[in-house]
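All remarks here apply to the structure that follows.
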Amino acid sequence: MRWISNGAQRLSDGGGPLIEKLLTTAVSTWLLDKQDATAGFVTEVFIMDNKGLNVAQSVETSDYWQGDEAKWQQTYSVGPDALHISEVEFDDSTGFYQSQASLAISDPATGEVIGAVTFGINVQNLM
């Protein structure tokens, strides 16, 4: 089962107003367009803020807060050149075996790390 991090509502039950609003922002729509252009190679893209909260996402994720996960901890906390690549795992939110590549996002004016981005890569399409 897929749950929002507080366990209050299943994402498969529609995600609720917070997730619905997040999925319809201009940035989330742009991310989905970019994901769709990969012909299934990229299964998800989401951007996290300085707390690990999703601020834009191409599709529903398993949870809204990523701050307790390596994809955020090993990018945002490390610095502007940080890169984290996960092991291949089955992802409930996308329904594919995938690896996630995550990068820190920096403010171009200051170089300060302001968040992170994660790309789900469908490894099933590599075969």
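Along the sequence shown, the residues carry numbers beginning at 1.
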Problem - ILVMFWY network linking Val45 to Ile121, side-chain heavy atoms under 4.5 angstrom - result: yes

Exercise for the section: Consider only side-chain heavy atoms of I, L, V, M, F, W and Y, link residues closer than 4.5 Å, and tell whether Val123 and Phe119 are in one cluster. Expected result: yes

Exercise for the section: Mark yes or no for whether Thr75, through its side chain, and Lys71, through its backbone, hold a donor-acceptor pair below 3.5 Å. Expected result: yes

Completion exercise
Closest non-hydrogen contact found for Phe96 with Asn122 is CD2-ND2, 3.3 Å

Practice task
Check for a donor-acceptor pair, side chain of Ser99 on one end and backbone N or O of Ser86 on the other, with a separation under 3.5 Å.
Solution key: yes

Exercise for the section: Give the minimum heavy-atom separation between Thr24 and Lys21, together with the two atoms involved. Expected result: OG1-O, 3.0 Å

Practice task
Indicate whether the side chain of Gln98 and that of Thr43 have a donor and an acceptor atom separated by less than 3.5 Å.
Solution key: yes

Handout entry: Cluster link Ile47 to Leu32, ILVMFWY, side chain under 4.5 Å
Key = no

Handout entry: Worked verdict on Ile19 versus Gln57 for side chain to side chain contact (heavy atoms under 4.5 Å, CB included)
Key = CA-CA 9 Å; Ile19 300 302; Gln57 56 195 62; 4.3 Å; yes

Exercise for the section: Determine the minimum heavy-atom distance between Ala104 and Gly79, stating which atoms define it. Expected result: CB-O, 3.2 Å

Practice task
Decide whether Phe90 and Val59 are clustered together by the hydrophobic rule: side chain heavy atoms of Ile, Leu, Val, Met, Phe, Trp, Tyr closer than 4.5 Å, transitively.
Solution key: no

Problem - Side-chain (Thr61) to main-chain (Asp63) donor-acceptor, under 3.5 angstrom - result: yes

Practice task
Report yes or no: do Leu103 and Phe46 belong to one cluster of Ile/Leu/Val/Met/Phe/Trp/Tyr joined by side chain heavy-atom distances under 4.5 Å?
Solution key: no

Practice task
Over all heavy atoms of both residues, which pair between Asp91 and Ser93 is shortest? Give the atoms and the distance, please.
Solution key: OD2-OG, 2.5 Å

Problem - Donor-acceptor contact below 3.5 Å, side chain Trp72 vs main chain Ser102 - result: no

Practice task
Indicate yes or no for a side-chain donor-acceptor contact from Ser58 to the backbone of Glu44 under 3.5 Å, with no hydrogens or angles considered.
Solution key: no

Exercise for the section: May I ask you to decide if Asp107's main-chain N or O and Glu112's side chain share a donor-acceptor pair within less than 3.5 Å? Expected result: no

Exercise for the section: Grab the two heavy atoms, one from Leu23 and one from Glu60, that are nearest each other, plus how far apart they are. Expected result: CD1-CG, 3.6 Å

Handout entry: Nearest heavy atoms of His84 and Ala70, plus distance in Å
Key = NE2-CB, 3.6 Å

Completion exercise
When rounded to the nearest 0.5 Å, the distance separating CD of Glu69 from CE of Met48 is 9.0 Å

